[in-house]
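Step one of this worksheet: look at the structure below.
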Amino acid sequence: MSDLLREELARVAALLGEGDVEFTLERPRDPSHGDFATNLAMQLARRMRGNPRALAERVVAALQLPTGMLEATEIAGPGFINFRLAAGTLAADHARILAEAERYGRSDGGAGQRVNVEFVSANPTGPLHVGHGRGAAQGDAIAALLEWTGHEVTREFYINDAGVQIDRVGQSLWARVQQAVGREAAIPEGGYHGTYLVESARELLAREGAAFADLPEAEGVARCRAAALVMQRTEQDATLAEFGVRFDVMSSEQRVYDDGKVAAALDRLAAAGLTYEQDGALWLRTSSYGDEKDRVLRKQDGSYTYFVPDIAYHLDKHGRGFDRVIDVWGADHHGYIPRVRGALVALGIPAAWFEVSLVQLVKVVRGGDEVKMSKRSGEFVTLRDLFEETGVDAARYWFLMRRGDSHLVFDIELATAHTDENPVYYVQMAHARMTGIFRTAGREPAAVAGPIDLGVLTDQDRELLQRLTAFPEAVARAARDLQPHQVTTYLEELARLVHGWYHGCRVLGEPAAVEHARLLLARAARQVLANGLTLLGVSAPDRM
RNA sequence: GCCUCCGUAGCUCAGCUGGAUAGAGCACCGGUUUCCUAAACUGGGGGUCGCAGGUUCAAGUCCUGCCGGGGGCACCA
């Protein structure tokens, strides 16, 4: 419904010679302001130097909408145009919810656009931690939002399996192997102290035999490196699968090297005259493309910085034909954005092609006491630890509750509490209650059909229905902003209305016409709650 | 020092590309259960939107400066 209104308002604006004017069409908080309100007249007044209310009159006079769609159009305040939908329009929206069912909320604004969403992309140096969990939830939800708005989405994970960090894991594991057979061995400088490597060492010895520890050091470290890579990747994949996150493509940094893409990228940069030698290193002129300084590509020792494969990898993604690429990164990498974008822009790729969604790091507390996380020290809460304690639903929902770029305090005690302080229970409960009505009635929700008669219902019923019909807009906006928390906010507001309606509007046992209309409303509410939760990767239980 | 994000009720946070009287949850003080799940509903108190300027018919929202907090400023990833 909002689409139709918006299009018509845009047409009228064009008619007045201001086709490119920006305006909002929103659902006012105050019900006395109607179902929709636009600031179009005020925006026109600014450009045309006219009186907003007079312009509003002209806009209203020029509107050509289907007869019977609106009950009233009012000009109010400084020049708002308020629209009140006719009961028939609302009933038609309700029918649409039931007809589209699990597809209700989808739209096609992104049709024809191919988008790559890369997220988690953890180093294969250890188990996933809580920060990766937030990135996983965020990336998966962003991907889902884009799918819901018609985009063709690829979920991708980039494995940083070529750097010096992997070498250190190999050395650290070798040391653990030596310790496991009773020898003195120290974790090397900058190595990994996590106890998970102790288990890896035990596993490795069990598989390879005790003689494995007697290998020459160089070979032992190399084999530990390879083994650690496989074991950590296996563990990460299993964790993500249990967390409900699936990837379409797993890319490997080592593969980017092996396929010659690093060399090709360097050639391309050099051919474009973007590189130069200085102090024995090879530099890229990123400062000419928005970065604050030039960056090193090849170090004095001849090896490449991680920057080079990253450029090659993004060029590869570009070559695969994506219209947009969205990387979900931890906020501690935000300083890295200008140089990657700079390198891509230098090679002629539009700056807007490469987008980054930053997620701030997560602070984990348990009943007020902070849980310290450090891979090096080995004391940390893994993602698996977390969701095994809270459940996947609570963890995923919690990670999505806040804007990605604001800090998140994850209180394990609160997230495991089965109380109304826990928003995921609140929203899921609303769904369970709607289902409960049908269970008590002994009917399947899908068996209750037909047009809804709003004439037998109250303002509270109507308010709930209005909120339900706002779902597609909420999804579209969240997708536009790449902000899944807008969906959780919507769901919590909806759940509040649902719980209130449940108490204020009795369904079963009311006069037949009322009962039927409310069952239809309950069915629609159940559908929208389920769709919202499903979109976020959270289950919608029928009973709790 | 430079860059960047954040600063809204006691606490945790929304606030829709500037719009109508700044909202919600928790906490606090009250009320509700012969009734589809009280894991719920409902009434109330509580705000110089960090501070100071500026732009605008209109600023929590945009600009400048300052204060406070996180993060980043590697030939680590």
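Proteins get letters first, then strands, A, B, ... in listed order; numbering begins at 1 in each.
Counting heavy atoms from C-beta outward, A:Val498 and A:Arg433 have side chains that stay 4.5 Å or more apart. Between A:Val340 and A:Trp329 there is a side-chain heavy-atom pair separated by less than 4.5 Å. Counting heavy atoms from C-beta outward, A:Leu5 and A:Thr38 have side chains that stay 4.5 Å or more apart. Taking 4.5 Å as the limit, every side-chain heavy atom of A:Glu18 sits out of range of all side-chain heavy atoms of A:Gln43. Looking at heavy atoms from C-beta onward, A:Met250 lies in side-chain contact with A:Ile159 at the 4.5 angstrom threshold.
Figure legend. B:rA74 is base-paired to no nucleotide; pairs are counted as Watson-Crick or G-U wobble with both atom distances under 3.5 Å. Judged by Watson-Crick or G-U wobble contacts below 3.5 Å, the nucleotide B:rG18 has no partner. With a 3.5 Å ceiling on both atom-pair distances, B:rG45 lacks any Watson-Crick or G-U wobble partner. Applying the Watson-Crick and G-U wobble criteria (two distances, each under 3.5 Å), B:rA52 pairs with B:rU64.
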Polar pairs (N or O, both sides) under 3.5 Å between protein and nucleotides 22-24 of chain B?
unit_1 : atom_1 : unit_2   : atom_2 : d
B:rG23 : O2'    : A:Arg29  : NH1    : 3.2
B:rA24 : O2'    : A:Arg496 : NH2    : 2.5

Distances for protein N/O vs nucleotides 10-13 of chain B N/O pairs under 3.5 angstrom?
unit_1 : atom_1 : unit_2   : atom_2 : d
B:rU12 : O2'    : A:Arg402 : NH2    : 2.9
B:rC13 : OP1    : A:His407 : O      : 3.3
B:rC13 : O5'    : A:Arg402 : NE     : 3.4
B:rC13 : O2'    : A:Arg402 : NH1    : 3.2

Restricting both atoms to N or O, compile the protein contacts to nucleotides 59-64 of chain B shorter than 3.5 Å, with distance only.
none

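Checking the phosphate oxygens (OP1, OP2) of B:rG72, no side-chain nitrogen or oxygen of A:Tyr336 falls inside 4.0 Å. OP1 and OP2 of B:rC3 both lie 4.0 Å or more from every side-chain N or O belonging to A:Lys293.
If you check the side chains of A:Asp310 and A:Tyr336, you find a donor sitting under 3.5 Å from an acceptor. Checking A:Asp327 against A:His314 by side-chain atom types alone, a donor-acceptor pair falls below 3.5 Å. Side-chain contact check for A:Asp291 and A:Thr286: at least one donor-acceptor pair (N or O, by modelled atom type) lies under 3.5 Å.
Not one N or O on the side chain of A:Arg168 forms a donor-acceptor pair closer than 3.5 Å with the backbone of A:Tyr192. The backbone N or O of A:Gly34 lies less than 3.5 Å from no partner atom in the side chain of A:Asn82, so there is not a single donor-acceptor pair. Looking at A:Asp393, its side chain does come within 3.5 Å of a backbone N or O of A:Ser539 through a donor-acceptor pair.
Nearest nucleotide to the side chain of A:Thr440, out of B:rC36, B:rA39, B:rG72: B:rC36. Here B:rC16 is the nucleotide among B:rC5, B:rC57, B:rC16 with the atom lying nearest to any side-chain atom of A:Arg480. Nearest nucleotide to the side chain of A:Gln360, out of B:rC5, B:rU4, B:rC16: B:rC5. Nearest to the side chain of A:Met544, among B:rU37, B:rC75, B:rG70, sits B:rU37. Here the side chain of A:Glu292 is nearest to one of B:rA20, B:rC75, B:rC3, namely B:rC3.
Computed from coordinates, the A:Gln165 CD to B:rC76 C1' distance equals 6 Å when rounded to whole Å. Rounded to whole Å, the distance from CH2 on A:Trp501 to P on B:rC41 is 14 Å.
By the stacking rule of 5.5 Å between ring centres and under 30° between planes, A:His333 does not stack on the base of B:rG72.
Screening A:Arg526, A:Arg543, A:Met544 for a side-chain contact (heavy atoms from CB on, under 4.5 Å) involving A:Thr435 leaves a single residue, A:Arg526.
Nearest-nucleotide positions on RNA chain B for A:Val507 and A:Glu26 put A:Glu26 closer to the 5' end. Where A:Gln486 and A:Gln43 meet RNA chain B, the nucleotide closest to each residue was compared, and A:Gln486 sits on the side nearer the 5' end.
Here A:Ser121 pairs with A:Glu118 under the side-chain hydrogen bond (donor to acceptor under 3.5 Å, both in side chains) rule; sequence neighbours left out. A:Trp501 is linked by a side-chain hydrogen bond (donor to acceptor under 3.5 Å, both in side chains) to A:Asp461, counting only residues two or more places apart in sequence or in another chain.
Shown for residues 513-525 of chain A: no residue has heavy atoms falling under 4.0 angstrom of RNA chain B.
Between A:Val362 and A:Gly131 the shortest heavy-atom distance is CG2-CA, 4.4 Å.
A distance of about 10 Å separates the P atoms of B:rG43 and B:rG25, rounded to the whole Å.
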